[in-house]
Structures are given as C-alpha cells and as structure tokens.
Amino acid sequence: MNGEGKEEGVANMDVHDARLVYMWGYLPGALPQRSPILSPLAVRSPVYAWKDVCGGGCGFAMSISESGKLITWGSTDDLGQSYVTSGKHGETPEAFPLPPEVSIVKAAAGWAHCVAATDNGEVYTWGWKECIPSGKVFSHLSGAGGLEKDVFERKNLFFTEQGSPRSQGSRSSGGSGTLSGLDGRGSKDESTKRRRISSAKQAAESSSAGDETLSAFPCLVTLNPGVRIATVSAGGRHTLALSDTGQVWGWGYGGEGQLGLGSRIRMVSSPHPIPCIDSSYGKERAAVLSQGGMTSEGQGFRVPGTYIKVIACGGRHSAVITDAGALLTFGWGLYGQCGQGSTDDELSPTCVSSLLGIRIEGVAAGLWHTVCVSADGDLYTFGGNQFGQLGTGGDQAETLPRLLEAPSLENIHAKTVSCGARHSTIITEDGKVFCWGWNKYGQLGLGDVIDRNVPSQVTIDGFLLVCFAHVMVSSRARGKRKEVLFGYPKMNEFLVILSGL
C-alpha cells in the first residue's frame, strides 16, 4: 500500500493488512444478472486496499480505501438520480471524483445525497440540491487538479420556517420568523454572499444529471472558522456533522424537527449548531427524580454530559449520545421512534429519560425505528415494527425503549448496532453478526427472502467481525480483515461489513 492512490495494496498478503469486502442483498449494478444476493459475496477490487466501510445510498455502496479515496459501486444507469450521485459506478468499485488532495475518513449517504468528512475536518456533500448547503462546487475533477467553481447560494440563504402538515402533535413549540447566519445568532449577513450559479456548472449539471434538482458535483461545505468535523451522518433529506469538540451541526430538511432547532424549519441551507446539552430537557418522570437533577422550576432536568460523542440520522429523525452515555432524540415520532412514550414529533433534542442510569454507547436509526446498545452489551429498540425490525418477536410498535431479550441473544454482548430503513443489525463482542427485520431482497444475508422478527445469526465462515456503521461492519480475526454489505436500493436497505479471516 503506497498511500498515493495509484495502486493501493494490490496483492498484499500480510496477515495484518489483507482486507476484502463482502456484500449481500440487492445492489442492482453489483452483478450482471442484477438479482438479489442472498448470502455474503466477496467484492473484488484489484486496485484498492480497503480501510473502512460506509453506509451507502439508495442503490449503491460506499467504502474508503487505505489512501483515503471514497469508493463507490453497485448502481445502474436506470436508477436516475442515484446513478449520478454514486459517480456512475456499477459493477467495478471506483473512486468517486473528489479533489485529488482530499483524504476521506468518514462518509454516509441518505436517500439521494452523500456527505464525506476529510482528515483535516472539511466536509464535502453532493446529491439532491435541497440537501446541499452553500459552498464551493468542484467539477471536471478528472482533470489535473480539478476545476473549482464559484460559490453557489440558494435562492434563499435564510433558514425559512414554514408550517408542516402532520397528523400528530408536537412536544416542542417553535417560534415564527427566520434564522440567519452560520452561527445561528444572526451575526452573519448571508445576503451579501449571494452569487449566481456559474453557467459552466449549470451546463455541466444539466448534461450530467438531467435534473435541475440534483447537484452532481461535490460541494465543499462552508463552516465557521475553526470548526473541524470528525464524523458525519446522513438521513433521508438532512445531514448531521459532529465536530472534534463534540458540537453537532445540521442542515437540509427539518420539517419534522430532525434538525433539532426547536421548530419546523423546512430548509436549512447553511450548517447550524444544534443545542444538544444546555437546552435539552425531558418530561418529569420518576427516573428523572431519582437522578436528583430537577431544575428550579421542576419542569425538566439538565442532560448528563458535556459534549456529544455519537450521532445518527434516520429517515426523518435523529439521535445523539453524550459523553456521559445519555441518549437524545429529535424529529419525526409517528411510530414512537423517538422513544419518548408518545407519537409526537420532537422538535428539539430531548433526553430519552427512561434510559437514564443506563450508559448508552451506540445508536442507529432506520426509517421508522431506533436501536441502541448499552455499555453492558444490552440492546434497546423502539419505534415502528411492521417488518419485525425491533426484534421483539412480534409486530407491535414500541414508543418507549424495550430491552431486547431474544433467546438467540442469550449470553450475547452486543458491541455495535446499525439500521437499514426497515431492518437491523448488530455485531457482538465475540465477532458474531445478527440481523432481523425486512428481508424481501435478501438484506439480512440469511440465504432467503423471509422476514425475521427476532435476531438471526449471519454465517460468514472463518471471519470474526468487530464493528460497523449504518449497515456497516468492521472486523478482525486471526490477523486478516474483510468487509461486507447488503441492502435494498430505494430505502437504504443494505449493509457493508469489515471482517477478518
């Protein structure tokens, strides 16, 4: 592995460095026959050495090479926007066209947009324009050094709040009017930055995407001075980014509260800080009283912790974890996926107070459900359960976190969790993988297309898996490492896993 991106570890057989990728489920462009892959199948690349895997988008997969290149594959030209967003990469894994000097450390994809964080704390994003904040656009990156386009801004650079039709209530009420500026306090006059989209970029997008709603080229997100992003997460139409100081930033669509800004802001076109600690209060409950943390008004409590260490985006809701292990949720709550005991939307980050006293280490969010893992290796699930994605053995929704006590998990210590839109996955401390939920396209990797409502073990002979992210797993066993992925293109129904031989 030369680290220069030319021939990244072509046949390095060192037992500590050899890595492969495995996939299962439905990636239409991954195989010539375009059929679902029901069991783990190796992804072959003679060029790239794999370093990490990322939750892919609708109809394509993503991974990161040892040299920091973002690798995509699995799409087809009949998927329209998804095909363009993937970089038009089909059966053969190829590097997505980012500036050549960029080294990617984390990446994620939503329904039709992608976001990637670099080793120097910058963020690139592309896909649906409503998901893309203002910033510098790069195109024709196949040329030497790439061509940097002018800054583009939205027709309205303010955070515009509009009413959002909904069938359920909201536990938080938001003010009216607008918010402006990168720091959320109106200290920047964004209107002075408005510039026209360059004709070259417009023409290129028109020819590449054929859709004026799609930004085919990566955009370098404009962040406040000194802000360095460590990791990112992508929801259906919104994005969260976590800085190296533990501050959460968000942008995109926020009509159900998934941006945690206290109101139904339909579109946030610049990164905005989300107040997750100081202004996050839950409802008065016995669990809260036992913590001795009631405020002087007796209406709520201060969330344990001083900064955020984990972020997760679902389809239209979000979840974060503090350094003290407290779980906070916000956004769409129709199926109880916020875990607050109701089906209300949560417009601000709200502590899941029924889990206070339990240190939460990991969380993942699907379209209608949420799964989290505690420091003790226990699993808690809540939200929609139409396909058995909660793993409880039935199909009843849960509006409060429910401890998962499936017989298949007896004496099992969960380590990492991930969610597709309607299925769930964990990896255990001893390297086993369990999946459950929707399985129409083989995304559970169990050799069939039968849904499961309890955790079922995935067999990957000779491999020990140790971690993953949104339908993503990383692993190591007897020295070698490999990766795996599975899913359904229209709803993020696939998983990528790193495993060891």
**Message:** For a 4.5 angstrom cut-off between non-hydrogen side-chain atoms, does Y441 reach L38?
**Reply:** no
Under 4.0 Å between a side-chain nitrogen and a carboxylate oxygen: does that hold for D376 and R359? no
Taken to the nearest 0.5 Å, the spacing of I37 CD1 from Q443 CD works out to 12.0 Å
Determine yes or no for a side-chain-to-main-chain donor-acceptor pair under 3.5 angstrom, with S269 supplying the side chain and P133 the backbone.
no
Determine whether T85 and F60 make a side-chain contact, defined as any pair of heavy atoms from C-beta on separated by less than 4.5 Å.
yes
| Can you find a heavy atom in the side chain of R402 that is under 4.5 Å from one in the side chain of F382? | no
**Prompt:** Would you say T322's side chain and P304's backbone share a donor-acceptor pair under 3.5 angstrom?
**Reply:** yes
Notebook entry, point to check: With a 4.0 Å cut-off, would you call D451 and K440 a salt bridge?
Noted result: no
- Query: Distance-only, no hydrogens or angles: does the T125 side chain make a donor-acceptor pair with backbone N or O of V123 under 3.5 Å?
  - Reply: no
**Message:** Does any part of the side chain of W436, heavy atoms only, come nearer than 4.5 Å to the side chain of P455, both counted from C-beta?
**Reply:** yes
When every non-hydrogen atom of A241 is compared with those of V232, the smallest separation belongs to CB-CG1, 4.1 Å
| Under the side-chain contact (heavy atoms from CB on, under 4.5 Å) criterion, do W438 and S424 qualify, and how do the steps go? | CA-CA 9 Å; W438 195 42; S424 307; over 6 Å; no
dist I104:CD1 -> E122:CD (nearest 0.5 Å) comes out at 9.5 Å
Between T72 and C114, is a side-chain contact (heavy atoms from CB on, under 4.5 Å) present by the stated rule, with each step listed? CA-CA 11 Å; T72 60; C114 298; over 6 Å; no
- [ ] Apply side-chain contact (heavy atoms from CB on, under 4.5 Å) to I427 and K432, showing your working.
- [x] CA-CA 6 Å; I427 190 161; K432 298 175 182 176; over 6 Å; no
Between I426 and V417 the two heavy atoms that sit nearest each other are CG2-CG2, 4.1 Å
Margin query: Testing the 3.5 Å rule here: is there a donor-acceptor pair between the side chains of H317 and T370?
Written below: yes
Closest non-hydrogen contact found for W111 with R237 is CE3-CG, 4.2 Å
Checklist line | Heavy-atom side-chain proximity of T306 to I277 below 4.5 angstrom | finding: no
Value for SG (C338) from CG (D345), rounded to nearest 0.5 Å, stands at 7.0 Å
Practice prompt. Using atom types as modelled and distance alone, determine if a side-chain donor or acceptor of D244 lies under 3.5 Å from a backbone N or O of I229.
Written response: no
| said: Quick one: does any side-chain atom of R452 pair with a main-chain N or O of I450 as donor and acceptor, under 3.5 Å? | reply: yes
Note: A326 and C351 closest approach over all heavy atoms is CB-SG, 4.4 Å
In this structure, OG1 of T425 is separated from CG of L444 (nearest 0.5 Å) by 7.5 Å
Answer whether the closest heavy-atom distance between the side chains of Q386 and Y335 falls below 4.5 Å.
yes
Nearest heavy-atom contact between C372 and L327 is SG-CD2, 4.1 Å
Name each donor-acceptor pair under 3.5 Å that joins a side chain in residues 307-316 to protein atoms two or more places apart or in another chain, with its distance.
residue	atom	partner	partner atom	Å
K309	NZ	E361	OE1	3.1

* Side chains of D448 and N439: donor-acceptor distance under 3.5 Å anywhere? -> yes
Item to check | Side-chain (Q389) to main-chain (F387) donor-acceptor, under 3.5 angstrom | outcome: yes
Going by heavy atoms in the side chains, are I64 and C54 under 4.5 Å from each other?
-> yes
Whether the H113 and T239 side chains hold a donor-acceptor pair (N or O, under 3.5 Å, no angle test) is what I'd like checked. yes
Measure up the F96 and W126 rings against each other and bin them: parallel (under 30°), tilted (30 to 60°), perpendicular (over 60°). parallel
dist L70:CG -> T118:OG1 (nearest 0.5 Å) comes out at 12.0 Å
Notebook entry, point to check: Do S318 and T329 touch side chain to side chain, with heavy atoms closer than 4.5 Å?
Noted result: no
Can N385 and T392 be counted as having a side-chain donor-acceptor contact under 3.5 angstrom? yes
- Look only at the side chain of Q247 and the backbone of I274, and say whether a donor-acceptor pair between them is shorter than 3.5 Å. yes
Here the gap from E130 atom CD to H238 atom NE2, rounded to the nearest 0.5 Å, amounts to 12.5 Å
Q. When you measure from the side chain of T428 to the backbone N and O of A414, does any donor-acceptor pair fall under 3.5 Å?
A. no
query = Any donor and acceptor pair, going by atom type alone, linking the side chain of D395 with main-chain N or O of G388 inside 3.5 Å?
reply = no
request  = Go through the steps to decide whether V373 and I360 satisfy the test side-chain contact (heavy atoms from CB on, under 4.5 Å), and finish with yes or no.
outcome  = CA-CA 6 Å; V373 58; I360 301 300; over 6 Å; no
- Item | Exam field: side chain T381 to backbone L390, donor-acceptor pair closer than 3.5 Å | yes
Shortest non-hydrogen pair, I358 vs S374, comes out as CG2-CB, 3.7 Å
Determine whether the side chains of E346 and T350 contain a donor N or O and an acceptor N or O closer than 3.5 Å. yes
